[in-house]
Each structure stands twice: as structure tokens, then as C-alpha cells.
Amino acid sequence: MARTPRSRWLPVAAGLCLLAAAPVLDAAAQRLTPAEVAERLTGTWQMNLDESPQFRPQGAFARPEAPVALAAKAGPRLVLAVQRGGRGGGGGALPPAPPDPRMLAGQRAIRAVQQVPQTVTIEATADSVTFRDPRGVRTYAIDNRTHREDVGDGATMTTKTRWDRNTLRQEFVVDETKVTHAFTVNNEGTRIEFTLRIDNFSGAPGRQAKAVYEKVAAQ
């Protein structure tokens, strides 16, 4: 039996090794550290309303300082019920009890994180992130731990912020409602795909909407 010269197999073997290594090298090139993702997230971002049809401006038409909220057509609304006294029959019915201030404060807090700005400045590091927009300044530790925030009248909102590869994820919870934010930045640091999700622990159907932010060139 004729033996195949070993030298003929060397180029083939080398080529196969390169092909096998290509996916690994490509994955390594796409894998970013939290500091690298934070650097890409840092900057001023403007929502592209044409690519974000599930959101609508609040107040005046598309002013950059006006927040945007989920459009009605995005799905069923999740509304936190305000507990009131029951209605009785006849003229002897008691007047409804006043709403619980703690519950109202919680509602205001969780509704606030359901609205997102059209323009936002993000300052991020591997350990923390700060959002600046017309509504104020908010800073969160990126440690995947639950933090309690006093939102007034005895109400609290829990928050959690963490990295998930090239995505910054945040959770906000008040009573039975959870709002989730996800900021996924591209490798060029020019585009953010933002996802807002609202869930209710009582079993009501959730809502989800996506938006696109584009980085504003530095002046």
C-alpha cells in the first residue's frame, strides 16, 4: 500500500485548525469587559422615534425634554389599583376611604420608571452608572444586589443593577409591579437598543417595548 507523504497533510491540518479556532477568536473579540461596555455607554443619547414606534412623547410634540411612555397600542396597560372602601347599598353607605399615601407614593415611583427620556446622558463605570435627563440625576451601583430606595410616605422601591455581557440591566420593584430596563450597546458605541418591560406578580399579562437610542456627537 502506498503511503501518503506526511507533508501533504500538513497544510490541510493547519487549515482545519484555523477553521476550528475562528469561532473562538471571533467570540473573544466580541467579549467586552464591564469597563469597556461602560465606556461605550457613556455619552449623550437621543431616542430615534422613527425606530421606536412603541413609545409616544408626553406633553408637547416630541420636545427633547419631554418623557416618552408606552403607547396604548403596545399592549394591555398595567395599572396599580388604589384600594378604596367598599360600596354599600342604600343611603347608609359609608364614603370611600381616602387612598393610602404609602400606596400612592409607590405608584408614583413605579410609574416614573415606566417613562423614559427622549434625551439622556449616561456616565458609566464598571461599578456604577449615572443617568442625567430633564427629570434629574440618578445614580445606581452596578453590583447585582438589591437596594431599597425611600420614595416617600413610608413607601420603598427596590432596585438592582447588573452587567450582562454588553447589556446593562436594571430592575425596579414596588409592591407587585416590576419594571425592567435593558440597555444593549453595540461594539461601536453608537447605538443602544433599549427594552422596557412591565410585569405584575399577581399574574396579569406583562408588557414589553423596545426603543433605539443614537449617540449624540460631542460638540
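Computed from a prediction, not measured in an experiment: that's the story for all the values here. Below, all heavy atoms of this structure are taken into account, side chains as well, without hydrogens, waters or symmetry copies.
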Sidechain-backbone polar pair: [X] side chain, [Y] backbone, donor-acceptor under 3.5 Å:
{"X": "T180", "Y": "E171", "answer": "no"}
{"X": "E36", "Y": "T33", "answer": "yes"}
{"X": "D164", "Y": "T167", "answer": "no"}

Aromatic ring pairing F194/F183, orientation class (parallel under 30°, perpendicular over 60°, tilted between)
tilted
Is any side-chain heavy atom of [Y] closer than 4.5 Å to one of [X]?
{"X": "T177", "Y": "D199", "value": "no"}
{"X": "K210", "Y": "S52", "value": "no"}
{"X": "R165", "Y": "T184", "value": "no"}
{"X": "V120", "Y": "Y213", "value": "yes"}
{"X": "D127", "Y": "I142", "value": "no"}
{"X": "W163", "Y": "V37", "value": "yes"}
{"X": "V137", "Y": "T130", "value": "yes"}
{"X": "I122", "Y": "I192", "value": "yes"}

In Å, rounded to the nearest 0.5 Å, how long is the span from [atom1] of [X] to [atom2] of [Y]?
{"X": "R169", "Y": "N144", "atom1": "CZ", "atom2": "CG", "result": "11.5 Å"}
{"X": "E123", "Y": "T139", "atom1": "CD", "atom2": "OG1", "result": "8.0 Å"}
{"X": "N166", "Y": "N187", "atom1": "CG", "atom2": "CG", "result": "6.5 Å"}
{"X": "R40", "Y": "N186", "atom1": "CZ", "atom2": "CG", "result": "9.0 Å"}
{"X": "H181", "Y": "T195", "atom1": "NE2", "atom2": "OG1", "result": "10.5 Å"}
{"X": "M103", "Y": "D100", "atom1": "CE", "atom2": "CG", "result": "5.5 Å"}

Can you give me the closest heavy-atom contact between [X] and [Y], atom names plus distance?
{"X": "P117", "Y": "D133", "result": "CG-OD2, 3.6 Å"}
{"X": "W45", "Y": "R191", "result": "CZ3-N, 3.5 Å"}
{"X": "P53", "Y": "D50", "result": "CD-O, 4.3 Å"}
{"X": "A126", "Y": "P34", "result": "CB-CB, 4.1 Å"}

Check the pair I198, Q208 against side-chain contact (heavy atoms from CB on, under 4.5 Å), reporting the backbone distance first and the verdict last.
CA-CA 6 Å; I198 308 171; Q208 179 170 299; over 6 Å; no
Taking the ring of Y140 and the ring of H147, is the distance between their centroids below 6.0 Å?
no
Begin from the C-alpha positions of Q115 and R135 and carry the test side-chain contact (heavy atoms from CB on, under 4.5 Å) through to its verdict.
CA-CA 10 Å; Q115 296 183 344; R135 296 175 299 169; 4.1 Å; yes
Does one hydrophobic cluster hold both F172 and F55, with members joined at side-chain heavy-atom distances below 4.5 Å?
yes
Hey, quick one: are L49 and V116 part of the same hydrophobic cluster, counting side-chain heavy atoms closer than 4.5 Å, chains of contacts allowed?
yes
Step by step, work out the side chain to side chain donor-acceptor pair (under 3.5 Å) result for T119 and Q46.
CA-CA 5 Å; T119 303; Q46 176 74 40; 2.5 Å; yes
Distance-only polar pair, side chains of T190 and K215, donor-acceptor under 3.5 Å
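No - no donor-acceptor pair under 3.5 Å links their side chains.
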Will you find, in the side chains of S202 and N200, an N or O donor that is under 3.5 Å from an N or O acceptor?
yes
Contacts under 3.5 angstrom, residues 149-162 side chains, donor-acceptor by atom type, not counting sequence neighbours:
| from | atom 1 | to | atom 2 | distance (Å) |
| --- | --- | --- | --- | --- |
| D150 | OD1 | G152 | N | 2.9 |
| T161 | OG1 | Q170 | NE2 | 3.3 |

